[in-house]
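Written below as C-alpha cells is the structure these notes are about.
In what follows, chains are A, B, ... by sequence order, proteins preceding strands, each numbered from 1.
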Number of protein chains: 2
Amino acid sequence: MSQNLTEADLSHLQEALNRSGQKVTPQREAVFQVLLAKRDHPTVDEVFNRAREVMPGLSLATVYNCLETFVGCGLVRQVNHERESTRYCPNLAPHAHFRDKATGRVHDIDLPPEVLSSLRSILPPGFDSETIEISFHGRAQSGEARSN
Amino acid sequence: MSQNLTEADLSHLQEALNRSGQKVTPQREAVFQVLLAKRDHPTVDEVFNRAREVMPGLSLATVYNCLETFVGCGLVRQVNHERESTRYCPNLAPHAHFRDKATGRVHDIDLPPEVLSSLRSILPPGFDSETIEISFHGRAQSGEARSN
DNA sequence: GGTGAGATTTTGACTCATTCTAAATTGAAT
DNA sequence: ATTCAATTTAGAATGAGTCAAAATCTCACC
Ligand SMILES: [Mn+2]
Ligand SMILES: [Mn+2]
Ligand SMILES: [Zn+2]
Ligand SMILES: [Zn+2]
C-alpha cells in the first residue's frame with residue numbers, strides 16, 4: 001500500500017516546487033505520495049486520513065496548505081461537483097470527470113484533442129478561456145468502476 | 001424593471017409546478033419573476049434582495065426553497081463554479097457557462113448539438129451520462145460582457 | 001556546527017453558504 | 001366552516017474551508 005515516492009515522482013515534485021520557489025518538506029512528500037498512490041480523487045479528509053497513517057502528527061490545515069500549494073504549481077487539479085467537498089486529481093493529461101450517481105466515485109475520462117478544440121470553437125469572439133471543466137453525472141456499470 | 005410575469009411565463013411556471021404536484025404561490029411567482037427579469041445567473045442572496053423589493057416579507061429560507069423546487073421541476077439550472085455560491089439560470093437550452101475572471105460575471109455559451117454529441121462520444125462503454133456541465137474560465141472583452 | 005531570516009506547520013477560532021427544525025400560515029378540498 | 005397537507009418563516013445547526021498567531025523547521029551563511 002503506502003509505497004514511497006519513486007525517484008521520478010519525487011523529482012517531479014521537487015522540480016515543480018523549486019520552479020515556484022517553494023521547499024520540499026516531509027509533509028508535502030507525504031501528501032503527494034497519498035495522491036499518487038490511489039488515484040481516486042480523494043477529498044481533503046480522505047487525503048488527511050491516508051497521510052496520517054504514514055505521518056501521525058500531520059495536521060488537517062497542513063493538508064489544506066499542501067494541496068493548495070500543489071494546485072498553485074500545477075501538480076494537481078481541483079475537482080468540484082455541485083457543492084460537494086473538493087476533490088483532488090494528480091492526472092495532468094486533459095480529461096473530463098464522470099461522477100457515478102450510485103457510488104459517488106469520480107472517474108477520469110480521456111479528452112481527445114479534437115473534442116477539446118471543438119469545445120473551444122463554441123466560444124464567440126472576445127471570450128478568452130484559460131481553463132475548461134467538463135463533468136458528466138450518471139451511472140457507471142460496476143465492471144467499469146475501477147476507482148479512478 | 002420589476003415587470004410582472006407574462007401570461008406565457010406564468011403558465012410555464014404553473015404547468016411545471018402542477019406536473020410535479022406543487023402549488024403556485026406568490027413567493028414562487030416573485031422568485032421566478034426575478035430569475036426571468038435579469039438573466040445574469042444571480043446567487044441566492046441576489047435573488048433574495050431583488051425579490052424583497054417586490055415582496056418585502058419574503059424570507060431567505062423561502063428563496064432557498066423556491067429555487068430548489070424550480071430545479072426539481074426543471075424550470076431552472078444550478079450553476080456552480082469552484083466553491084463560489086451557487087447561481088441560478090432559467091435558460092433551458094443546452095449551453096455552457098463562461099465565468100469572467102475579471103468581473104465574476106457568468107455568460108451563457110450556446111452549445112451546438114454536434115459539439116454536445118462529440119462530447120458524449122468520449123464516454124467509454126458502460127458510462128451512462130444524464131447531465132453534462134461545461135464551464136470555461138477566463139477573460140471576456142468588456143464589449144461582449146452583456147450580463148447574461 | 002551554530003545563527004538568523006524566512007518558510008512552513010500547527011492549533012484553534014472563525015466564516016458563511018447551506019441545511020435543518022419546529023412553529024406559524026396558507027389554501028384547496030370537503 | 002373545518003380540516004389537512006403544503007408552504008413559509010425564524011432561527012439554530014452544520015461543516016467545508018479560511019485565517020491569525022505562535023511554534024517549528026530549513027537552509028544559506030558564517
Ligand atoms: Mn468535489
Ligand atoms: Mn456558483
Ligand atoms: Zn481526474
Ligand atoms: Zn446559463
Whether [X] contacts [N] is assessed here as follows: a side-chain N or O lying under 4.0 Å from the phosphate OP1 or OP2. Is that the case?
X	N	result
R83(A)	dT18(C)	yes
T86(A)	dG17(D)	yes
S59(B)	dT8(D)	no

message = Would you say S129(B) and R120(B) are linked by a side-chain donor-acceptor pair, where the criterion is simply a distance under 3.5 Å?
response = no
ask   = Hey, are T86(A) and R83(B) close enough side-chain-wise for a donor-acceptor pair under 3.5 Å?
value = yes
query = Who are the side chain to side chain donor-acceptor pair (under 3.5 Å) partners of Q14(B), not counting sequence neighbours?
reply = none
Could you check how far [atom1] of [X] sits from [atom2] of [N], rounded to whole Å?
X	N	atom1	atom2	value
E84(B)	dC16(C)	CD	C1'	14 Å
N65(B)	dT18(C)	CG	P	13 Å
D45(A)	dG17(D)	CG	P	8 Å
F48(A)	dG15(D)	CZ	C1'	15 Å
N80(B)	dA17(C)	CG	P	14 Å
N49(A)	dA16(D)	CG	P	12 Å
M55(A)	dC25(D)	CE	P	11 Å
E46(B)	dA17(C)	CD	C1'	13 Å

Any protein N or O atoms within reach of nucleotides 18-22 of chain D? Criterion: under 3.5 Å, listing atom names and distances.
none

inquiry  = Which nucleotide wins on minimum distance to the side chain of L60(B), given the candidates dT18(C), dT9(D), dA16(D)?
reply    = dT18(C)
query = Can you name the nearest heavy-atom pair linking H97(A) to C89(A), along with the distance?
reply = NE2-SG, 3.9 Å
query = Sequence neighbours excluded, which residues qualify as ring pair (Phe, Tyr, Trp, His ring centres under 6.0 Å) partners of F136(B)?
reply = none
Distance-only donor-acceptor hits, side chain of residues 60-69 of chain B, under 3.5 Å, sequence neighbours excluded:
{"unit_1": "T62(B)", "atom_1": "OG1", "unit_2": "S59(B)", "atom_2": "OG", "d": "3.0"}
{"unit_1": "N65(B)", "atom_1": "ND2", "unit_2": "A61(B)", "atom_2": "O", "d": "3.4"}
{"unit_1": "T69(B)", "atom_1": "OG1", "unit_2": "N65(B)", "atom_2": "O", "d": "2.9"}

query = Which residues satisfy the side chain to side chain contact (heavy atoms under 4.5 Å, CB included) test with L92(B), sequence neighbours excluded?
reply = H12(B)
Residue E7(B) excluded, over 12 heavy atoms near CD under 6.0 Å = no
message = Can you pull out the residues from residues 14-28 of chain A that lie within a 4.0 Å heavy-atom distance of DNA chain D?
response = K23(A), P26(A)
inquiry  = Quick check against the 3.5 Å criterion: does R28(B) have a side-chain atom that pairs as donor or acceptor with the backbone of K23(B)?
reply    = yes
